Protein chains: 2
Amino acid sequence: MTTQCRYCPLLRKDAFVRMSKEEIEFMQKFKAGELTVEPGTPILMQGSNAPQLFTVLSGLGIRDKMLENGQRQVINFVFPGDFIGLQAGVLGKMGHSIEARTHMRLCVFNRSEFWNFFKNHPSRAFDITWLAAIEEHFLGETLATLGQRTAVQAVAWALVRIYQRGETLGMVTNNQMELPYTQRDMADALGLSLVHTNKTLAKLKERQLASWSDRTLRISNLHALAEVAVTSLTEPPKRPLM
Amino acid sequence: MTTQCRYCPLLRKDAFVRMSKEEIEFMQKFKAGELTVEPGTPILMQGSNAPQLFTVLSGLGIRDKMLENGQRQVINFVFPGDFIGLQAGVLGKMGHSIEARTHMRLCVFNRSEFWNFFKNHPSRAFDITWLAAIEEHFLGETLATLGQRTAVQAVAWALVRIYQRGETLGMVTNNQMELPYTQRDMADALGLSLVHTNKTLAKLKERQLASWSDRTLRISNLHALAEVAVTSLTEPPKRPLM
DNA sequence: CGTCAGATTGACGTAAGTCAAAGTAGGTGG
DNA sequence: CCACCTACTTTGACTTACGTCAATCTGACG
C-alpha cells in the first residue's frame, strides 16, 4: 500500500542531498504511513499541537497565518520534499496553518518518535536543523521582499524563487510549470492587494518577462526576470530530505 | 578571565529553560572563550562562512540583510541569550549580518566542535532545533507584520515584542528599558521610511501608548498598546540557552 | 441555464514615501 | 570653552505607489 522509502520518488530529484542506504532504512523505521488529501484540505492548523510530522511526497500546498483581525499572511508555498510540522513537533504549537492546494501525498511520522531521531541518529538530527536553517534563510529573504521591494520587484522575486524550486524538482518542462495557486494567494504572500497583484502580473506579462494563467507559469527569460527582481540567480543549494 | 558557565548570569533569567548541572558542564567543554566588542562592530558578515558560533551574554545587536541595490532589511534585534551563527554553522554561509549596537559580550563556540553537540548530547542538539523553530515562528510573525499591519500597528507590534523580550530578561524597570537602536533601524525592520516611522512613533506617544526617546522605551499601558498592535499578550515561552 | 470562484479593468482615495530644511545633542580639536 | 562636526530626530509640503470600490468577464460545474 505504502511506498517503501527506498522507492521514494523524491530520492532521485536534484533538489536533495543523496541519502545513504543506511539512512533510508533508518527512515523507513519511522515512517508511520502515508496520508493522501484533496485540494483544500487543512493538514495542520495554526495553534494546534499536531501529533504528526510530514514530508510532502507530491503535490503543492500553502502555509499561512491569520491575524486576530482576520487578515491573512501566506508564509510560503509548500513543495514536495518540504518537512512540515516541525514547529508543533518542537514548540508544541503551530504558528501557522498548512493546507493542500492540489492532491497531495504525505509521508507521516509520529511525533512521539521524533526524539529518537536525535537520540539514535545524530546526523539525521543535524539534517533537521539544516532544514530549519534553510527555512530561516528563506524567511529572511522574504522579509526583505516585503519590506524593501516594490510590487513589481516582489512579484518577480516570487516567480523566480518558485520557478527555481520547480526546476530542482523536475516540475519544469519547456520553460513552464504548473502553478495551482490563486492570485489571492500570491497577494497575501507578498502583502499586496489582490487587484494590485493582478495589475502587476499584467505588467510582467506585457514586458514579456513572465506569464501566469490557467494554473501555469511560463518564464522565457529567467535572467531578465531576476534582474527585475533585484536578485542574483544562484542555484538553490541541495537540501536534506526527511 | 572568562566566566565559568556555572556562573553565567543568564542562567537565572526568566527567559530561559533551567539547565541541569550536567548540561552546564557539558557546555563548558565547548566554550572556546569570550568575545567583547564595542558598538558598531560587525560580528558576522552576510555571505561569510564564520568559523564560530556565539551566544550573546550581554548587550544588544542587530541582524540585517542588504539587497543588491543597497536597500537594507533588519531581520530582528538581537538580545542576550540569542544564539547566533547557526546559518553559517549549518549552511556554510550567513544570509545576513550581525552588528553590535552596544558593548557586547559573547560566548564563543568553535564550529568544528558543532557536530559534537549532535553526536554526544542529543538533548542539546534538540535544543538547537528548538531555537531554530522559535526563530522561524518569530519570523513568521514578522512577515505578517510587514505584509498585513499598517504602520501604526506595525510599530506598536514591534514595541510590544521588544518590551516583552526585555521583561523576560530583567531589562525593564518602572515600565521602561534601554533601547539603543535608531529610528532608522526600526524603519528598516518594518519596511517603513524613516520619516514615516518617526511620525508614527509621535502618534503613539500622543496617544499615550508608548514613548521612545533618549535611548529609552517607556510603556505605560502594554495592554492598550497590544490592542493597537492587533496581538494578544501571551507570555513568551521559555527558550533553551546555549 | 444559473451559480460561483477567480481574473480583469477603470475610477478614485489614501497611507506611506520623498524631499528639504531645521533642530538637538554628543564629541572633538583648536 | 567655544566652534564645529556628525549622527540622529523632527517637521512641513508635496508626490506616488498601492489600496479600495465596483463592475464586468471568464470558465467550470451541476
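Proteins get letters first, then strands, A, B, ... in listed order; numbering begins at 1 in each. In this text, all values refer to a predicted model and were calculated from it rather than measured experimentally.
Remark: A:D82 engages A:R239 in a salt bridge, criterion side-chain N to carboxylate O under 4.0 Å. Checked for salt-bridge contact, A:R72 and A:E99 miss the test: no charged N lies under 4.0 Å from a carboxylate O.
Comparing atom distances between the B:L194 side chain and each of D:dT9, C:dA16, D:dT11 picks out D:dT9 as nearest. Listed nucleotides D:dT20, D:dC18, D:dT9 differ in distance to A:V195; the shortest reach to its side chain belongs to D:dT20.
At a threshold of 4.0 angstrom between heavy atoms, the contacts of B:G191 are confined to the sugar-phosphate backbone, with no base atom among them. In this structure, B:S193 reaches the bases: a heavy-atom distance under 4.0 Å links it to at least one base atom across the strands shown. Using a 4.0 Å heavy-atom cutoff across all strands shown, B:S213 reaches no nucleic acid atom at all. At a threshold of 4.0 angstrom between heavy atoms, the contacts of B:T200 with the nucleic acid are absent.
In this structure the side chain of A:V78 reaches within 4.5 angstrom of the side chain of A:M104, judged on heavy atoms.
In this entry the distance linking NE2 of B:H196 with P of D:dC14 reads 19 Å, nearest Å. Spacing between atom CZ of A:R149 and atom P of D:dA17 amounts to 18 Å, rounded to whole angstrom units. Put simply, CZ on B:R184 is 14 Å from C1' on D:dT10, counting in whole angstrom units. The distance from atom CG of B:N198 to atom P of C:dG17 is 13 Å, rounded to the nearest whole Å.
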For this session: Would you check, one step at a time, whether the test side chain to side chain donor-acceptor pair (under 3.5 Å) holds for A:N69 with B:Q148?
Result: CA-CA 10 Å; A:N69 61 4; B:Q148 310 302 328; over 6 Å; no
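Side-chain N/O atoms of B:Q183 include one lying less than 4.0 angstrom from OP1 or OP2 on D:dT10.
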